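Keep in mind it's a predicted model, so treat the numbers as computed, not measured. Note that these values count all heavy atoms, side chains included, but never hydrogens, waters or copies made by symmetry.
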Amino acid sequence: KEAFKQAGATQFGSADQRRELREVLRLPSHAEVHSAERWTIELMPESPSRNRRDGTVRRPGYAASADSPVGRRGAKTRALIKSTAATLFTTNGFHGTSIDDIARSLGGSRATVYQYFANKDQIYAEMVGDCQQAVLDHVHGLGPLGPDDAGLEALRRWLRGWSDIYDSYAAVFLEFPAIGALDSVRVGDPARILTVVKEVHEVIADRLARAGVVGMDPLVASAVLTRIAHMVNLYRYRGMFDMPDRDATAAAVAATLQRIFFPEGGSDVDVPPRSGEPTPAPPATVLTATDARRSPVREDVLTVSSALFAERGYHGVGMEEIAAAAGISRATLYRHFNSKARILAELTDVAIDRTRELALELTAIADNGLDTGRLHDWILRFVVLHRRFHGVTRAWFDGAVIEELGETNILRSINALRDAADAVVAQLDLPDDTDPIIATGVVLAVLGRMTEPLEWAPDDPEYAAELILRILWRCLLRFQRT
């Protein structure tokens with residue numbers, strides 16, 4: 001008991017940096033979960049007949065359910081286990097954290113943890129449930145929005161409260177994307193999750209529709225609000241990019257969103273026609289002509305792996321499935337790649353190279369005057385790239401995976417994107433209510449999140465590119481220096 005009382009925060013050193021690396025580029029939207037069938041739910045002790053991957057039999061858990069009476073002292077211990085697990089999930093990722101890790105951080109034993117929780121899935125599922133209720137309560141408290149000062153203050157006040165919820169449930173917000181799409185992990189009731197997501201967007205969309213949001217479907221506008229707020233709070237929570245404190249961040253983001261939803265005078269950008277070429281379709285392979293040195297078999301493996309990781313998540317795909325999708329035997333697959341991690345590492349190298357190339361192009365566009373035609377073409381190509389490597393970049397969210405991949409090249413890619421966003425902001429005469437650091441964060445948030453398909457809108461890249469250009473023009477690009 002004394003060991004539990006003395007359990008405190010653990011110093012993780014360079015893991016802080018690794019956490020940032022897997023989170024800067026994007027966080028997938030809950031709307032990506034298209035059906036409950038993509039999830040598996042079974043918050044109950046595993047049967048002794050179910051084996052671990054190493055062949056050993058796992059003992060079934062004997063934890064009481066969340067609503068079982070455990071007494072005041074037991075409730076405190078249970079809460080301590082959850083808070084300790086939350087810290088480890090945030091630091092090392094869900095897949096990189098074991099029951100042993102949680103027990104060691106508490107100064108206790110596995111038996112103590114199993115007394116209260118059947119497995120780590122149940123711990124996380126309870127965090128998700130707590131977070132869902134807090135989010136719903138907060139969303140229903142959103143006051144009347146509108147283009148006037150009262151509407152701006154209501155939005156500012158709501159964003160401050162959202163920041164508090166983000167901080168309280170950071171383990172859920174940061175790790176959920178890497179877990180939720182993986183069929184191999186039991187994280188909560190999928191029907192409940194989908195219902196909560198739907199209710200959140202319907203409530204916000206209703207407020208925006210009543211306020212007369214301009215030139216944007218209210219449900220799309222709801223996604224804009226939640227995705228930008230989500231990402232900017234991630235940067236603030238992590239201490240990234242020298243983001244200001246909660247109140248300053250909320251005020252600047254509120255002013256930014258106000259301009260997106262209610263542009264002054266109803267003015268808007270004229271999306272220019274593309275430069276003659278049709279919308280680029282995703283290539284048949286993730287490789288380019290510069291990768292010709294690779295064999296056709298390797299090309300096929302990388303291409304199908306990228307698609308499978310996007311569809312099922314990195315941890316939901318095995319080497320046997322990759323071999324089957326590529327139309328080769330397991331023996332042939334292992335001659336080219338000795339592990340799934342090696343496949344992910346090679347895909348990561350390709351994704352990083354492409355991202356850095358596009359970042360340099362965006363910097364050049366900014367330095368030459370931010371021509372909207374060139375910017376629209378660039379955004380369209382960025383959307384295609386981002387979706388093509390969606391399964392790869394999502395794997396970077398996992399703490400255990402990032403340890404294997406290493407952070408150096410990923411960090412260079414992130415810094416290149418940030419430099420490009422800084423170059424864009426440097427061309428603007430920002431209003432007094434918008435900090436340049438927040439402006440850069442908004443550019444990165446929009447590029448990282450609005451590239452993803454929306455449940456309530458066309459999913460073609462052209463639509464996403466036009467929406468991104470419109471968002472950035474309304475809140476930032478219209479302040480370009482003349």
Task: Pair Arg227 + Glu452, salt bridge at N-O below 4.0 Å - done: yes

Open item on the list: Could you walk me through whether Glu466 and Arg470 satisfy the salt bridge (Lys or Arg N to Asp or Glu O under 4.0 Å) test, starting with their C-alpha distance in whole Å, then the side-chain angles of each, then the deciding distance to 0.1 Å, before giving a yes or no?
Closed with: CA-CA 6 Å; Glu466 291 185 10; Arg470 179 165 286 107; 5.1 Å; no

Task: Lys/Arg N to Asp/Glu carboxylate O, Arg210 vs Asp206, below 4.0 Å - done: yes

TODO: Quick one: closest heavy-atom pair of Ala86 and Ala171, and the distance?
DONE: O-CB, 3.6 Å

Task: Closest non-hydrogen atom pair between Pro436 and Leu430, with its separation - done: CA-CD1, 3.7 Å

- [ ] Step by step, work out the side-chain contact (heavy atoms from CB on, under 4.5 Å) result for Val232 and Phe241.
- [x] CA-CA 10 Å; Val232 172; Phe241 310 148; over 6 Å; no

Open item on the list: Check Arg374 with Glu361, please: is the shortest side-chain N to carboxylate O separation under 4.0 Å?
Closed with: no

Task: Side-chain donor/acceptor of Thr434 to backbone N/O of Ala439, under 3.5 Å - done: no

Task: Arg356 versus Ser413, closest heavy-atom pair with distance - done: CG-CA, 3.7 Å

Task: Residues Glu126, Arg78: salt bridge by 4.0 Å N-O rule - done: yes

- [ ] Please confirm whether the backbone N or O of Leu358 pairs with a side-chain atom of Trp378, one donor and one acceptor, at under 3.5 Å?
- [x] yes

Task: Audit row: Asp245, Arg236, salt bridge (Lys or Arg N to Asp or Glu O under 4.0 Å) steps and yes/no - done: CA-CA 7 Å; Asp245 61 23; Arg236 178 193 56 80; over 6 Å; no

Open item on the list: Can you give me the closest heavy-atom contact between Ala464 and Thr451, atom names plus distance?
Closed with: CB-O, 4.5 Å

Open item on the list: Tell me if a side-chain donor or acceptor on Gln258 pairs with a main-chain N or O of Gly146 at a distance below 3.5 Å.
Closed with: yes

Task: Electrostatic pair Arg104:Asp101 at N-O distance under 4.0 angstrom - done: yes

- [ ] In sequence, state the C-alpha distance, the side-chain angles, and the governing distance for Asp148 and Glu153, and then conclude on side-chain contact (heavy atoms from CB on, under 4.5 Å).
- [x] CA-CA 9 Å; Asp148 55 10; Glu153 177 55 32; over 6 Å; no

TODO: Please determine if Asp247 and Arg156 form a salt bridge, counting it only when a charged side-chain N lies under 4.0 Å from a carboxylate O.
DONE: no

TODO: Could you check Phe309 against Leu347 for side-chain contact (heavy atoms from CB on, under 4.5 Å), going step by step and ending with a plain yes or no?
DONE: CA-CA 11 Å; Phe309 294 161; Leu347 285 169; 4.0 Å; yes

Open item on the list: ring-ring contact (aromatic ring centres under 6.0 Å, His included), that's the test. Do Tyr166 and His230 meet it? Break it down for me.
Closed with: CA-CA 8 Å; Tyr166 191 99; His230 192 131; 5.6 Å; yes

- [ ] Tell me, yes or no, whether the heavy-atom count around Asp149 atom CG, taken from other residues, nucleotides or ligands under 6.0 Å, exceeds 12.
- [x] no

Task: Separation of Thr249 OG1 from Ile437 CD1 (nearest 0.5 Å) - done: 9.5 Å

Open item on the list: Using only atom types and a distance under 3.5 Å, with no angle test, would you say the side chain of Arg207 pairs donor to acceptor with the backbone of His140?
Closed with: yes

Open item on the list: If you compare all heavy atoms of Cys131 against all heavy atoms of Phe173, which two are closest, and at what distance to 0.1 Å?
Closed with: SG-CZ, 3.8 Å

Task: Main-chain N/O of Thr97 paired to Lys120 side chain as donor or acceptor, under 3.5 Å - done: yes

Open item on the list: Any side-chain to backbone donor/acceptor pair from His138 onto Trp162? Under 3.5 Å, distance only.
Closed with: yes

Task: Whether Lys340 side chain and Val317 backbone form a donor-acceptor pair below 3.5 Å - done: yes

TODO: State whether Arg259 and Asp433 are salt-bridged, where the test is any N-O pair (Lys NZ or Arg NE/NH1/NH2 against Asp/Glu carboxylate O) under 4.0 Å.
DONE: yes

Open item on the list: For a quick test of reading the model, state the closest non-hydrogen atom pair linking Ile165 to Ala134 and the distance between them.
Closed with: CD1-O, 3.6 Å

TODO: Would you give the length of the straight line joining atom CD1 of Ile471 to atom CD1 of Ile228, rounded to the nearest 0.5 angstrom?
DONE: 5.5 Å

Task: Side-chain donor or acceptor of Tyr124 paired with backbone N/O of Val172 under 3.5 Å - done: yes

Task: Working for side-chain contact (heavy atoms from CB on, under 4.5 Å), residues Asp100 and Val113 - done: CA-CA 9 Å; Asp100 284 334; Val113 178; over 6 Å; no

Task: Quiz item: cation-pi between Arg354 and Phe389, 6.0 Å / 45° - done: no

Task: Reference residue Val446; test side-chain contact (heavy atoms from CB on, under 4.5 Å); the match among Val442, Leu444, Val443 - done: Val442

Open item on the list: Hydrogens and angles aside, do Glu311 and His390 bring a side-chain donor and acceptor to less than 3.5 Å of each other?
Closed with: no

